[in-house]
Engineer: 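Supplied in structure tokens, the structure appears directly below.
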Protein chains: 2
Amino acid sequence: MYVSNMSIKTQPSDETGHDATRQHLLEAAGEVFAEVGFRAATVREICQRAGANIAAVNYHFGDKETLYAAVLTGSCQVSMQKYPADMGLAPNATAEQRLHAFVRSFLWRIFSHGPEARHGKLMAREMIEPTAALDSLIKENIRPMSMILMGIVRELLGAKADERTVRLCGTSVVSQVLFYHHCRPVLSRLYPDEKYDAPQIEGLADHITRFSLAAIKQTAKAKSAEAKK
Amino acid sequence: MYVSNMSIKTQPSDETGHDATRQHLLEAAGEVFAEVGFRAATVREICQRAGANIAAVNYHFGDKETLYAAVLTGSCQVSMQKYPADMGLAPNATAEQRLHAFVRSFLWRIFSHGPEARHGKLMAREMIEPTAALDSLIKENIRPMSMILMGIVRELLGAKADERTVRLCGTSVVSQVLFYHHCRPVLSRLYPDEKYDAPQIEGLADHITRFSLAAIKQTAKAKSAEAKK
């Protein structure tokens with residue numbers, strides 16, 4: 001998945017070894033960065049886990065910063081590919097359906113147990129001690145996702161809504177999803193019986209969509225009444 | 001504020017020195033734990049910053065775990081005392097007013113710049129790597145706060161609402177507030193012009209209250225209609 005398609009394959013066997021080492025480094029780095037964070041992670045530990053020479057990070061990525069950025073962007077893309085924001089909706093889906101799909105896909109990404117689950121841990125660390133890699137992640141992934149959501153919310157609010165209202169409502173939607181990621185240790189202690197299996201994730205998606213749609217429609221009504229005054 | 005009231009003051013001058021050292025340790029520990037987290041923090045570093053003997057943590061708190069728990073509970077209490085959940089409302093305030101006060105006080109705690117702001121950083125670290133101290137914090141602070149919110153939401157939803165709906169709606173409220181804490185690094189990059197000064201914090205509180213009230217009232221209507229079927 002992380003294997004680069006940029007190199008020209010003139011020497012198949014060397015190329016395979018080259019790509020395999022790169023792939024092992026990315027996987028080992030993902031583990032180590034998720035466990036101890038960017039700053040505490042050492043190139044030595046990553047190379048050891050990858051079964052690679054200590055110079056391998058330097059050779060394949062240049063430095064720890066670039067390796068980390070590749071891990072962060074890669075884990076985000078894997079997660080996005082597995083649960084795309086439209087969840088396979090038809091192109092003519094309504095704004096309500098698109099909001100539901102957006103919320104569902106985001107929740108599924110958050111509750112994922114696959115290797116893409118690592119992305120959540122990396123992001124939680126970024127929220128405490130942001131690195132330079134966050135800027136490019138926002139540019140390439142977070143801002144485009146935010147634009148999708150704001151587009152849906154804008155359509156639901158109607159032509160009378162100002163951009164500030166769109167932003168506040170969009171933020172209210174996304175916050176309800178992210179809570180289940182950020183506050184998991186509190187939730188699991190407050191409500192130890194909750195399992196967060198497939199039916200429950202779908203139930204959460206239904207609740208968040210319904211709650212948000214009711215609030216957005218009421219906001220639209222209020223804005224429309226204000227405009228008529 | 002952290003000074004213990006448990007000791008009997010027979011020797012005023014020694015007592016003052018005793019309490020001062022304890023207080024310096026708590027302050028230094030708060031800084032160090034917030035900066036590097038519970039696991040990476042060392043007793044040596046904390047004692048050095050507090051200008052105390054290396055044995056002082058052991059003498060005053062027993063071990064690093066107990067010192068950490070005292071810091072976490074203390075920072076939470078300071079924050080709660082400064083911005084109580086009812087924000088000084090009259091006892092006969094309506095559920096709508098109490099929801100607004102709950103949201104406002106929580107947002108003010110989150111955007112606080114005082115020493116109580118440290119609590120947010122400690123909590124963010126707890127959400128990545130929970131320690132034993134989280135259990136007592138939940139018991140003593142988070143669960144009681146959650147009960148206040150759920151009581152307000154239950155009153156707003158009316159007698160027809162089941163506990164699951166109360167919990168889902170309460171979670172939707174609190175998540176909208178906590179988002180501004182957990183996702184600050186993303187927000188500050190997506191919207192660099194936002195200042196989060198007093199008028200903006202009040203504006204956020206108004207939006208979150210309005211958004212939540214509209215959704216809760218619509219949920220109450222739907223539940224009431226269901227019950228009539």
Side-chain angles (χ1 to χ4, degrees), chain A residues 34-37 39-40 120-121 123-131 134-135 137-139 142-143 146-147 164-165 167-169 171-191 194 203-204 206-208 210-219 221-222, chain B residues 34-37 39-40 120-121 123-131 134-135 137-139 142-143 146-147 164-165 167-169 171-191 194 203-204 206-208 210-219 221-222:
Chain A
E35 280 166 26
V36 302
R39 284 174 189 78
K121 201 141 196 179
M123 281 305 289
R125 292 198 179 277
E126 280 293 324
M127 293 308 97
I128 298 183
E129 293 174 318
T131 69
L134 183 60
D135 294 299
L137 192 75
I138 285 178
K139 195 178 158 202
I142 297 175
R143 196 181 287 277
S146 168
M147 300 295 273
R164 175 141 205 97
T165 305
R167 188 192 293 182
L168 285 169
C169 289
T171 304
S172 284
V173 174
V174 82
S175 64
Q176 294 177 71
V177 177
L178 276 169
F179 183 80
Y180 289 91
H181 170 61
H182 290 302
C183 293
R184 192 102 45 105
V186 170
L187 285 168
S188 65
R189 283 162 178 81
L190 279 178
Y191 313 119
E194 300 284 346
L204 284 181
D206 292 349
H207 161 75
I208 294 171
R210 216 164 28 223
F211 191 95
S212 303
L213 279 175
I216 292 171
K217 283 176 181 177
Q218 182 58 39
T219 309
K221 256 190 213 168
Chain B
E35 280 168 24
V36 302
R39 283 172 189 81
K121 200 142 195 178
M123 283 303 291
R125 292 199 180 276
E126 280 294 322
M127 295 306 100
I128 298 184
E129 293 174 318
T131 70
L134 183 60
D135 294 298
L137 192 75
I138 285 178
K139 196 178 156 202
I142 297 176
R143 197 182 287 277
S146 168
M147 301 296 272
R164 175 141 206 94
T165 306
R167 188 192 294 180
L168 284 171
C169 289
T171 304
S172 284
V173 174
V174 82
S175 64
Q176 293 176 70
V177 177
L178 276 169
F179 183 81
Y180 289 92
H181 170 61
H182 290 303
C183 293
R184 191 104 44 110
V186 170
L187 284 169
S188 65
R189 284 162 177 81
L190 279 178
Y191 313 119
E194 300 285 345
L204 284 180
D206 291 348
H207 161 75
I208 294 172
R210 216 166 26 223
F211 191 94
S212 303
L213 279 175
I216 292 172
K217 285 179 178 176
Q218 182 57 39
T219 308
K221 257 191 213 169

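Within every chain, numbering begins at 1; the chains are lettered A, B, ... in the order of the sequence lines, protein sequences first and strands thereafter. Below, all heavy atoms of this structure are taken into account, side chains as well, without hydrogens, waters or symmetry copies.
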Engineer: Taking B:K121 first and then A:E129, would you say they form a salt bridge - that is, a charged N and a carboxylate O separated by under 4.0 Å?
Structural biologist: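 Looking at A:E129 together with B:K121, the answer is no, because their closest N to O distance does not fall below 4.0 Å.
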
Engineer: Sort and list the pairs that fulfil salt bridge (charged side-chain N to carboxylate O under 4.0 Å, His left out) and have at least one residue in residues 171-190 of chain A, not counting sequence neighbours.
Structural biologist: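 Counting only pairs at least two positions apart or across chains, the salt bridge (charged side-chain N to carboxylate O under 4.0 Å, His left out) contacts touching residues 171-190 of chain A are A:R189-B:D135.
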
Engineer: Can you tell me how far the CE atom of A:M123 sits from the SG atom of B:C183, to the nearest 0.5 Å?
Structural biologist: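 Separation between the atoms: 7.5 Å.
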
Engineer: Between B:S175 and A:Q176, do the side chains contain a donor N or O and an acceptor N or O under 3.5 Å apart?
Structural biologist: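 On atom types as modelled, these side chains do not qualify, holding no pair under 3.5 Å.
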
Engineer: With respect to chain A, which residue among B:G37, B:S172, B:A214 yields the maximal number of heavy-atom pairs within a distance under 4.5 Å?
Structural biologist: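 Heavy-atom pair counts peak at B:S172.
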
Engineer: Counting only heavy atoms closer than 4.5 Å, note whether A:L190 contacts chain B via side chain, backbone, both or neither.
Structural biologist: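 Both backbone and side chain of A:L190 come within 4.5 Å of chain B.
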
Engineer: Look at the aromatic rings of B:H182 and A:H182 and report parallel, tilted or perpendicular, splitting at 30° and 60°.
Structural biologist: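 If you compare the ring of B:H182 with that of A:H182, the planes turn out parallel.
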
Engineer: Could you check which of B:C169, B:S146, B:A222, B:G203 has the highest count of heavy-atom pairs closer than 4.5 Å to chain A?
Structural biologist: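 Looking at each option in turn, the highest pair count goes to B:C169.
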
Engineer: For B:R164, is it the side chain, the backbone, both or neither that has a heavy atom under 4.5 Å from a heavy atom of chain A?
Structural biologist: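 For B:R164, the side chain is the part near chain A, not the backbone.
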
Engineer: Can you list the residues that meet the ring pair (Phe, Tyr, Trp, His ring centres under 6.0 Å) rule with B:F179, with sequence neighbours excluded?
Structural biologist: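 For B:F179 there are no ring pair (Phe, Tyr, Trp, His ring centres under 6.0 Å) partners, ignoring immediate neighbours.
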
Engineer: Between atom OG of A:S188 and atom CG of B:L134, what is the distance when rounded to the nearest 0.5 Å?
Structural biologist: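 So the gap between those two atoms works out to 8.0 Å.
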
Engineer: For chain A, find which of B:L178, B:T219, B:T171 contributes the most heavy-atom pairs closer than 4.5 angstrom.
Structural biologist: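 Greatest number of close heavy-atom pairs with chain A: B:T171.
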
Engineer: Which of the residues A:R143, A:H181, A:Q218, A:K139 is involved in the greatest number of heavy-atom pairs with chain B at under 4.5 angstrom?
Structural biologist: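 Of the candidates given, the most pairs with chain B belong to A:R143.
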
Engineer: Do the side chain of A:H207 and the main chain of B:L168 share a donor and acceptor less than 3.5 angstrom apart?
Structural biologist: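 Checking the backbone N and O of B:L168 against the side chain of A:H207, a donor-acceptor pair under 3.5 Å is found.
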
Engineer: Can you check whether B:R125 reaches A:I128 side chain to side chain, under 4.5 Å on heavy atoms?
Structural biologist: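 Yes, side chains in contact.
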
Engineer: Please determine, among A:V177, A:V186, A:I142, the option with the most heavy-atom pairs under 4.5 Å with chain B.
Structural biologist: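 When all of A:V177, A:V186, A:I142 are compared, A:V186 has the most.
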
Engineer: Could you look at A:T165 and say if it's the side chain, the backbone, both or neither that has a heavy atom under 4.5 Å from chain B?
Structural biologist: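 Neither; nothing under 4.5 Å.
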
